[in-house]
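Below: one structure, written as structure tokens.
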Amino acid sequence: MIKGVIFDLDGVLVSTDEMHFKAWKKLAEELGISNFTKDDNKRQKGVSRMDSLEIVLEKGSKSFSDVEKAILADRKNDYYIELLRELNEEAVLPHAVETLNMLRKRGVLIGLGSVSKNTPVILERTGLAPFIDKVSCGFDITRSKPDPEVFLVAAKKLGLANEECLVVEDSAAGVVAAKAANMKSLGVGPENKLLGAEYSSYDLQSEVDWDEILN
Ligand code: B16
Ligand code: MG
């Protein structure tokens with residue numbers, strides 16, 4: 001029986017994808033990489049900041065030392081943080097609040113499993129913080145999805161066994177991480193059918209039978 005649901009953040013509860021894209025695109029252009037596209041950005045979903053940088057750099061021809069790469073990743077994050085200043089509750093995705101309320105009413109614990117180090121800021125700015133029982137984010141882990149660490153930490157913080165948790169994800173890396181954590185998953189978003197999750201739906205309600213999933 002499912003006693004806790006662990007939500008990914010970007011692309012599941014909030015829409016920050018466009019902000020990530022704009023920030024990476026700005027950095028890419030400064031590096032002389034003019035062909036960084038939304039398809040490249042799709043591959044960055046659920047992937048760590050440093051691994052996301054590699055996806056940008058592989059489109060160019062210059063090589064950089066580890067120190068230079070760390071500076072570039074910080075620069076992108078500065079651009080992203082600047083864009084996050086505009087973030088508010090309008091960025092919360094359809095059915096997110098309704099679903100979080102429904103789960104809480106049913107006594108299901110709610111976890112957050114995101115590799116983003118901007119998770120606390122995003123939860124505050126969107127007003128989602130009060131809906132979440134326990135947060136596992138980039139500050140709690142050393143390995144990014146597809147490693148299961150972020151979900152294992154979330155289950156531990158919720159006080160639940162791994163198999164008592166369901167993961168909700170919009171990225172293939174996140175679904176692989178859930179499987180590795182011995183958790184079933186619900187894939188959402190435009191690619192939901194392609195993610196390899198046990199359940200799939202465009203959003204958090206339209207094709208989801210929560211009674212079936214939870215029991
Ligand atoms: P940051 P998730 C991921 O969040 C994003 O999908 C991914 O695009 C980003 O690179 C990563 O967080 C790190 O985020 O640079 O803010 O620390 O999907 O795990 O919620
Ligand atoms: Mg995501």
Side-chain angles (χ1 to χ4, degrees), residues 5-28 36-57 69-85 87 91-93 96 110-126 128-129 132 135-154 167-178 180-181 183 185-192 194-197 200-204:
V5 177
I6 303 171
F7 290 86
D8 170 51
L9 185 58
D10 297 317
V12 171
L13 294 180
V14 298
S15 163
T16 46
D17 295 349
E18 190 63 26
M19 293 174 175
H20 273 299
F21 175 66
K22 279 187 184 158
W24 283 121
K25 179 89 183 151
K26 183 170 178 183
L27 181 76
F36 178 74
T37 64
K38 290 222 166 175
D39 274 340
D40 299 318
N41 177 236
K42 266 192 202 167
R43 289 172 50 218
Q44 295 174 313
K45 266 193 184 185
V47 170
S48 73
R49 199 179 299 167
M50 294 312 291
D51 290 345
S52 296
L53 175 66
E54 297 296 344
I55 291 171
V56 175
L57 296 183
K69 284 180 185 176
I71 292 168
L72 292 176
D74 279 352
R75 206 200 298 173
K76 178 268 172 179
N77 196 49
D78 288 344
Y79 299 151
Y80 181 56
I81 287 173
E82 190 59 36
L83 293 168
L84 286 181
R85 282 171 186 239
L87 196 73
V92 175
L93 285 164
I110 296 166
L112 199 286
S114 168
V115 303
S116 173
K117 288 186 172 162
N118 293 295
T119 294
V121 172
I122 295 170
L123 290 179
E124 284 309 321
R125 292 203 65 91
T126 54
L128 285 172
I132 314 289
V135 173
S136 167
C137 73
F139 294 111
D140 298 289
I141 56 167
T142 55
R143 297 179 300 278
S144 288
K145 301 165 188 175
D147 189 283
E149 187 179 14
V150 73
F151 296 136
L152 297 175
V153 170
V167 166
V168 187
E169 260 294 347
D170 72 319
S171 74
V175 170
V176 172
M183 298 172 187
S185 57
L186 163 63
V188 296
E191 317 260 292
N192 68 83
L194 308 172
L195 301 177
S200 55
S201 169
Y202 186 80
D203 60 40
L204 291 168

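Along the sequence shown, residues carry numbers from 1. Note that ligands are numbered from 1 as they come in the structure, with each ligand's atoms numbered from 1 the same way.
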Q | Residues forming a side-chain contact (heavy atoms from CB on, under 4.5 Å) with Ser171, sequence neighbours excluded | A |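 Partners of Ser171 by the side-chain contact (heavy atoms from CB on, under 4.5 Å) criterion, ordered by chain and then number, come out as Lys45, Glu169, Ala173.
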Q) Excluding sequence neighbours, so at least two apart, what forms side-chain contact (heavy atoms from CB on, under 4.5 Å) with Glu124? A)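 Ala129.
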Q: Please report the C-alpha distance between Leu83 and Lys22 in whole Å, then the side-chain angles of each, then the deciding distance to 0.1 Å, and finally whether the side chain to side chain contact (heavy atoms under 4.5 Å, CB included) criterion is met.
A: CA-CA 9 Å; Leu83 293 168; Lys22 279 187 184 158; 3.8 Å; yes
Q: Scan Ser144, Cys137, Ser136 and name whichever one has a side-chain contact (heavy atoms from CB on, under 4.5 Å) with Val150.
A: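 Single side-chain contact (heavy atoms from CB on, under 4.5 Å) partner of Val150 among Ser144, Cys137, Ser136: Ser136.
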Q) With a distance cut-off below 6.0 Å to the six-membered ring centre and an angular limit of 45° from the axis, does Lys25 pair with Phe36 as a cation-pi contact? A)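 Verdict for Phe36: no cation-pi partner in Lys25.
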Q: Can you measure from CG (Asp40) to OG1 (Thr37) and round to the nearest 0.5 angstrom?
A: 3.5 Å
Q) Once you round to the nearest 0.5 Å, how far does CD1 of Ile132 lie from CG of Leu112? A)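 The CG atom of Leu112 is 4.5 Å from CD1 of Ile132, to the nearest 0.5 Å.
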Can you give me a line-by-line list of nitrogen or oxygen pairs between ligand 1 and the protein shorter than 3.5 Å?
unit_1: ligand 1; atom_1: 4 (O); unit_2: Asp10; atom_2: OD2; d: 3.0
unit_1: ligand 1; atom_1: 6 (O); unit_2: Gly46; atom_2: N; d: 2.8
unit_1: ligand 1; atom_1: 8 (O); unit_2: Gln44; atom_2: O; d: 3.0
unit_1: ligand 1; atom_1: 10 (O); unit_2: Val47; atom_2: O; d: 2.7
unit_1: ligand 1; atom_1: 10 (O); unit_2: Ser52; atom_2: OG; d: 3.3
unit_1: ligand 1; atom_1: 15 (O); unit_2: Arg49; atom_2: NE; d: 2.7
unit_1: ligand 1; atom_1: 16 (O); unit_2: Ser116; atom_2: OG; d: 2.7
unit_1: ligand 1; atom_1: 16 (O); unit_2: Asn118; atom_2: ND2; d: 2.7
unit_1: ligand 1; atom_1: 17 (O); unit_2: Arg49; atom_2: NH2; d: 3.0
unit_1: ligand 1; atom_1: 17 (O); unit_2: Lys117; atom_2: N; d: 2.8
unit_1: ligand 1; atom_1: 18 (O); unit_2: Asp8; atom_2: OD1; d: 2.9
unit_1: ligand 1; atom_1: 19 (O); unit_2: Asp8; atom_2: OD1; d: 3.3
unit_1: ligand 1; atom_1: 19 (O); unit_2: Val115; atom_2: N; d: 3.0
unit_1: ligand 1; atom_1: 19 (O); unit_2: Lys145; atom_2: NZ; d: 2.8
unit_1: ligand 1; atom_1: 20 (O); unit_2: Asp8; atom_2: OD1; d: 2.7
unit_1: ligand 1; atom_1: 20 (O); unit_2: Asp10; atom_2: N; d: 3.4
unit_1: ligand 1; atom_1: 20 (O); unit_2: Ser114; atom_2: OG; d: 2.6

Q | Student check: side-chain heavy atoms of Val168 and Ile6 closer than 4.5 Å | A | no
**Q.** Distance filter under 2.8 Å, centred on the Mg ion (ligand 2) - protein N, O or S atoms that pass it
**A.** Asp8 OD2, Asp10 O, Asp170 OD1
Q: Flag the pair Asp17 and Lys42 as a salt bridge only when some basic side-chain nitrogen lies within less than 4.0 angstrom of an acidic carboxylate oxygen.
A: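 No salt bridge links Asp17 with Lys42.
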